[in-house]
S.K.: 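Here it is: the structure, laid out below.
The structure presented is a predicted model; accordingly, all values stated were derived computationally and were not measured.
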Amino acid sequence: MNSDDPRQDQIADFLALQSTAIAELAESLRVLVKRAVPTAIERLRPGWRLIGYDVPLKGTRTTYFAWVLPEVGHVHVGWQTGTLMDDPEHMLRGAHLKLKKVRYLTFQPGDRVPTKVVLDFTRDAVRIAAMSPGERHVIASLREQPGGPR
């Protein structure tokens, strides 16, 4: 691929290493993340073998908030502050692996990707990522209380 953005070339090369079905699924999830947060900065994180997303904050600061992770049989879309996100239907995965902060959804080729769900989770992740550490601590404390929000 020959674009004006070398980051997009890196992502295209990375996805070209995947099966067609996995690459297409990853691409559809990329589109949703970018649709939810048009200001997101997308780049390949080769050490983690994923496409990561940062959101600009005040000044020149950014914060990492989401990713698309293609694997052999499926693709994950995940959020760095997932344990703090609203998940009333208990759709997010990761608790069973005892992941301390992140949560994700997993899709296989042929699955119907619930557009609104991915958009809503992604927007919620950005909302939380933009909070101060103190604000995130309060949310975490509330979630740990019996009967607290989940």
S.K.: Would you mind listing the cluster partners of V31? Hydrophobic ones only (ILVMFWY), side-chain contacts under 4.5 Å, chaining allowed.
M.R.: none
S.K.: What closest approach, in Å, do T62 and P56 show between heavy atoms, and which atom pair accounts for it?
M.R.: CG2-CA, 4.0 Å
S.K.: Among residues at least two apart in sequence or on other chains, which ones pass side chain to side chain donor-acceptor pair (under 3.5 Å) with R136?
M.R.: none
S.K.: How would you list, by chain and number, every residue that makes a salt bridge (charged side-chain N to carboxylate O under 4.0 Å, His left out) with K101, sequence neighbours excluded?
M.R.: none
S.K.: For R127, check salt bridge (charged side-chain N to carboxylate O under 4.0 Å, His left out) against everything at least two apart and list the hits.
M.R.: D124
S.K.: Listed by chain and number, what are the salt bridge (charged side-chain N to carboxylate O under 4.0 Å, His left out) partners of R43, not counting sequence neighbours?
M.R.: D54
S.K.: L25 vs V113, test: side chain to side chain contact (heavy atoms under 4.5 Å, CB included). Steps then yes/no.
M.R.: CA-CA 9 Å; L25 181 54; V113 174; 3.8 Å; yes
S.K.: Check salt bridge (charged side-chain N to carboxylate O under 4.0 Å, His left out) between E27 and all other residues, then give those that pass, not counting sequence neighbours.
M.R.: R30
S.K.: Remaining members of W67's ILVMFWY cluster at a side-chain heavy-atom cut-off under 4.5 Å?
M.R.: W48, L50, Y64, L69, L97, L99, V102, Y104
S.K.: Would you compute the distance between atom OH of Y53 and atom OG1 of T39 and round it to the nearest 0.5 angstrom?
M.R.: 13.0 Å
S.K.: Looking only at heavy atoms, which two atoms of M91 and L105 are closest? And how far apart?
M.R.: O-CD2, 3.4 Å
S.K.: Looking at K100 and T83, what are the two nearest heavy atoms and their distance?
M.R.: O-CG2, 3.5 Å
S.K.: Counting only heavy atoms not in R123, do more than 12 fall under 6.0 Å of its CZ?
M.R.: yes
S.K.: Using side chain to side chain contact (heavy atoms under 4.5 Å, CB included), reason through F107 and V77 one step at a time and then give a plain yes or no.
M.R.: CA-CA 8 Å; F107 300 101; V77 58; 3.9 Å; yes
S.K.: Looking at residues at least two apart in the chain, or sitting in another chain, which of them share a side chain to side chain donor-acceptor pair (under 3.5 Å) with S132?
M.R.: E135
S.K.: Taking ring-ring contact (aromatic ring centres under 6.0 Å, His included) as the definition, give me every residue that meets it alongside F121, ordered by chain and number, with sequence neighbours left out.
M.R.: W79
S.K.: For the pair R45 and I51, evaluate side chain to side chain contact (heavy atoms under 4.5 Å, CB included) and give the outcome as yes or no after the intermediate values.
M.R.: CA-CA 6 Å; R45 300 197 181 216; I51 302 161; over 6 Å; no
S.K.: What are the two closest heavy atoms between P70 and I22, and how far apart are they?
M.R.: CB-CG2, 3.7 Å
S.K.: Could you check whether any side-chain N or O of D13 sits under 3.5 Å from a backbone N or O of Q10, counting only pairs where one atom can act as donor and the other as acceptor?
M.R.: no
S.K.: Show the nearest heavy-atom pair for residues V75 and V68, with the distance to one decimal.
M.R.: CG1-CG1, 3.7 Å
S.K.: Kindly indicate, with the supporting measurements, whether the criterion side chain to side chain contact (heavy atoms under 4.5 Å, CB included) is fulfilled by I41 and V55.
M.R.: CA-CA 6 Å; I41 301 163; V55 64; over 6 Å; no
S.K.: Suppose we screen for side-chain contact (heavy atoms from CB on, under 4.5 Å). Which residues come up paired with A21, at least two apart in sequence or across chains?
M.R.: S19, P109
S.K.: For K116, enumerate each residue passing the side chain to side chain donor-acceptor pair (under 3.5 Å) test, keeping only those at least two apart in sequence or located in another chain.
M.R.: D120
S.K.: Under the side chain to side chain donor-acceptor pair (under 3.5 Å) test, which residues partner E71, sequence neighbours left out?
M.R.: H74, H76
S.K.: Please report the shortest heavy-atom distance between L15 and A26, naming the atom on each side.
M.R.: CD2-CB, 3.8 Å
